[in-house]
**Student:** 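Here it is, the structure, as structure tokens.
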Amino acid sequence: MKECIATPSQLLDHLDRLIAPADKRCALMLISLHGLKRMGSIFGARLSERIIADLVAQLGAATRPDDRVIRSGRFEFAVLISGLRNRGHGVLAANKLAGILDTPIAIGSRERKFPFAIGMAFSPEQTRDAEQLFRYAEIAARAAKITQTPYQIYNHDDLAAIVTDWDIEGDLDSAITDHQLTLHYQPKIASRSGCLLGAEALMRWRHPVHGMIPPDQFIPVAERMGIMPKLTWWCINTALRERQEWGDPARDLSVAVNISALDLTDERFIEAVSSAIGIWDARPELLTLEITEGSLMQDIARSADILKRLQGNGIRISIDDFGTGYSSLAYFKQLPADELKIDRSFILNILDDDLDRHIVSTIIQMARKLRLEIVAEGVETAPMREALVDLGCDIIQGYHIARPMPHAAFVTWARAHA
Ligand code: C2E
Ligand code: MG
Ligand code: MG
């Protein structure tokens, strides 16, 4: 009898025995079935049990006598394949099992398919440790589920990113309610006088297990999950509330919040911004919304319409990462904007690369004609700042002035700077 039910420790014992002979190559496949739980609650547990028993029998029949099919959870199986000649044979086996799982199952008068995910890992080449092998197969199965592919083979480099995203997704929703998000502030100063004009609020997520997660990593996930409006709402309110604490000398300092193009797909965003301004008793012109040029290009007409209405309410609009979005000047003409931030990739080489310096100079001249304020981001040294002053850039931001810092540190910095 090669099918059996096992507890996790029995399964690991099996694996230990399988891995033990040093000359034997084996593969562990973890299969998870989705949708059966719901089926069970609609048609009763007996039916879902019968379906599982049938599947186990079919998987057993499709594998060789020495292989094992183990029920490792209510809707999970482990298939241990031993004596593999090479990885290719493991892939063949995965394809065979995927074919079985992909066959429709008759339920009453109808046929149904149940989604599944197979994760596979190999011993000895990936690990000789049973627990580790199990973990690798589990990660690969999660990746298969996320990527909606029938199976995935464990590969540290590729799968780590997919699974990290998956973990982020699970935790991100509660990040706001659990007070794991904070804003760091980076000063924006007048390039010539050095006068402090305001700060950009940059989101930070202190994850209880993974530590500080940078926005580049979790914002795309939040966009995919559709929770960006919630994050932006939190961000605008927190920035306006904290701005109130910037104290007397800082009364006219403006705060900039980054928004996502997805925020501009819903007209209610305009209302939400007005309401936040009302709640925190702010002057609209002291709030700047930064939006990246690249993301705007996705639906320029709609975004431009919403931005125009925000601008009509007195809020300042800034086009971020300018120069990276491949937008033509014809598009740019349609955009309501008060400020343009030249992407830091151009600023980085401004001293050594003539072409980048020409690009920056052209952007500055164009912006002047359009009556836009120009910000250079990523200014890291004094010579970079001097070059930008010579080219006529109005505002600078970057490590040369200060790195983004927690709110309390920014308040201290702003007082000292004044
Ligand atoms: P961004 O809006 O262009 O922000 C500037 C980024 O450049 C920040 O990275 C900042 O720390 C970094 N930076 C500033 N000065 C320098 C410098 O001199 N040298 C170098 N090498 N880097 C510098 P950060 O905080 O990791 O943010 C990355 C991006 O994530 C932001 O780019 C923005 O697009 C996005 N982001 C951050 N916070 C939010 C948010 O609250 N909402 C949304 N939608 N996006 C956000
Ligand atoms: Mg920005
Ligand atoms: Mg930027």
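Whatever order the structure lists ligands and atoms in, that order sets their numbers, starting from 1.
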**Student:** For atom 28 (C) of ligand 1, what's the nearest protein heavy-atom neighbour? Residue, atom name and distance, please.
**Tutor:** Asp216 OD1, 3.3 Å
**Student:** Quick one: does Met203 get an N or O within less than 3.5 Å of an N or O on ligand 1?
**Tutor:** yes
**Student:** Salt bridge or not between Asp252 and Arg283? Use side-chain N to carboxylate O under 4.0 Å.
**Tutor:** yes
**Student:** When you compare ligand 1 with Asp321, is there at least one nitrogen or oxygen pair between them that comes in under 3.5 angstrom?
**Tutor:** yes
**Student:** Among all protein non-hydrogen atoms, which one is nearest to atom 22 (N) of ligand 1, and what is the separation to 0.1 Å?
**Tutor:** Tyr399 OH, 3.3 Å
**Student:** Any side-chain donor-acceptor pair under 3.5 Å between Ser345 and Asp343?
**Tutor:** yes
**Student:** What atoms of ligand 1 come within less than 4.0 Å of a heavy atom belonging to Gln186?
**Tutor:** 14 (C), 15 (N)
**Student:** Look only at interatomic distance and state if Arg344 has a nitrogen or oxygen under 3.5 Å from any nitrogen or oxygen of ligand 1.
**Tutor:** yes
**Student:** Quick check: of its N, O or S atoms, which one does Glu200 have closest to the Mg ion (ligand 2)?
**Tutor:** OE2
**Student:** Tell me the contacting part of Asp320 for ligand 1: side chain, backbone, both, or neither, using a 4.0 Å heavy-atom threshold, strictly below.
**Tutor:** side chain
**Student:** May I ask you to identify, for Met228, whether its side chain, its backbone, both or neither come under 4.0 Å of ligand 1 on a heavy-atom basis?
**Tutor:** side chain
**Student:** Does a salt bridge link Glu380 with Arg344, judged by any charged N lying under 4.0 Å from a carboxylate O?
**Tutor:** no
**Student:** Return yes if some donor-acceptor pair links the side-chain N/O of Ser318 with the main-chain N/O of Asp320 below 3.5 Å, else return no.
**Tutor:** no
**Student:** Using heavy atoms and a 4.0 Å limit, tell me yes or no: is Arg403 in contact with ligand 1?
**Tutor:** no
**Student:** Salt bridge (Lys or Arg N to Asp or Glu O under 4.0 Å) between Glu293 and Lys341: does it pass, once the steps are laid out?
**Tutor:** CA-CA 9 Å; Glu293 182 208 9; Lys341 293 183 85 167; over 6 Å; no
**Student:** If I take every N, O or S atom of Asp321, is at least one of them less than 2.8 Å from the Mg ion (ligand 2)?
**Tutor:** no
**Student:** Which residue supplies the protein heavy atom nearest to atom 21 (N) of ligand 1, what is that atom called, and how far is it?
**Tutor:** Glu380 OE2, 3.1 Å
**Student:** Any nitrogen or oxygen of Gln397, main chain or side chain, under 3.5 Å from a nitrogen or oxygen of ligand 1?
**Tutor:** no
**Student:** Ser191 side chain to Cys393 main-chain N or O, any donor-acceptor pair under 3.5 Å?
**Tutor:** yes
**Student:** Where is the nearest protein heavy atom to atom 4 (O) of ligand 1: which residue, which atom, and how far?
**Tutor:** Leu202 CD2, 3.6 Å
**Student:** Passes ring-ring contact (aromatic ring centres under 6.0 Å, His included), His34 versus Phe116? Steps please.
**Tutor:** CA-CA 6 Å; His34 316 300; Phe116 63 90; 8.5 Å; no
**Student:** Can you pull out the closest protein heavy atom to atom 42 (N) of ligand 1? Residue, atom name and distance to 0.1 Å, please.
**Tutor:** Asn258 O, 3.2 Å
**Student:** Does the ring centre of Trp246 sit less than 6.0 Å away from the ring centre of Phe410?
**Tutor:** yes
**Student:** Has Ser295 got a side-chain atom pairing as donor or acceptor with Ile291's backbone, closer than 3.5 angstrom?
**Tutor:** no
**Student:** In terms of side-chain heavy atoms, does Gln397 have a donor or acceptor partner in Gln186 at a distance below 3.5 Å?
**Tutor:** yes
**Student:** Check whether any protein heavy atom sits under 4.0 Å from atom 32 (O) of ligand 1.
**Tutor:** no
**Student:** Taking atom 45 (N) of ligand 1 as the point of reference, which of Thr381, Ile347, Leu183, Ile219 owns the nearest heavy atom?
**Tutor:** Ile219
**Student:** State the CG-CG distance between Leu310 and Leu264, to the nearest 0.5 angstrom.
**Tutor:** 7.0 Å
**Student:** Find all atoms of ligand 1 within a distance of less than 4.0 Å from any non-hydrogen atom belonging to Cys235, and give their numbers and elements.
**Tutor:** 41 (O)
**Student:** State, to 0.1 Å, how close Cys235 and Met203 come at their nearest heavy-atom pair, and which atoms those are.
**Tutor:** SG-CE, 4.1 Å
**Student:** Distance check below 2.8 Å: does Asn258 bring an N, O or S atom to the Mg ion (ligand 2)?
**Tutor:** yes
**Student:** For atom 9 (O) of ligand 1, state whether the nearest protein heavy atom is under 4.0 Å away.
**Tutor:** no
**Student:** Which atom name does Asp320 have for its N/O/S atom nearest to the Mg ion (ligand 3)?
**Tutor:** OD1
**Student:** Within 2.8 Å of the Mg ion (ligand 3), is there any N, O or S atom belonging to Glu290?
**Tutor:** no
**Student:** Within a distance under 4.0 Å of any heavy atom of Pro404, pick out the atoms of ligand 1 and give their elements.
**Tutor:** 11 (O)
**Student:** I need the minimum non-hydrogen distance between Lys230 and Ile176, along with the two atoms involved.
**Tutor:** O-CD1, 3.9 Å
**Student:** Mind checking whether Glu200 has a heavy atom under 4.0 Å from ligand 1?
**Tutor:** yes
**Student:** Please determine, by modelled atom types, if Ser361 and Gln365 share a side-chain donor-acceptor pair under 3.5 angstrom.
**Tutor:** yes
**Student:** Is Lys188 salt-bridged to Glu290, cutoff N-O under 4.0 Å?
**Tutor:** yes
**Student:** Nearest protein heavy atom to atom 27 (O) of ligand 1, by residue and atom, and its distance?
**Tutor:** Pro215 CG, 3.5 Å
**Student:** Below 4.0 angstrom from a heavy atom of Glu377, which ligand 1 atoms are there? Numbered from 1 as shown, please.
**Tutor:** 3 (O)
**Student:** What is the name of the N/O/S atom of Glu377 that is nearest to the Mg ion (ligand 3)?
**Tutor:** OE1
**Student:** Looking only at heavy atoms, which two atoms of His417 and Gly194 are closest? And how far apart?
**Tutor:** NE2-O, 2.7 Å
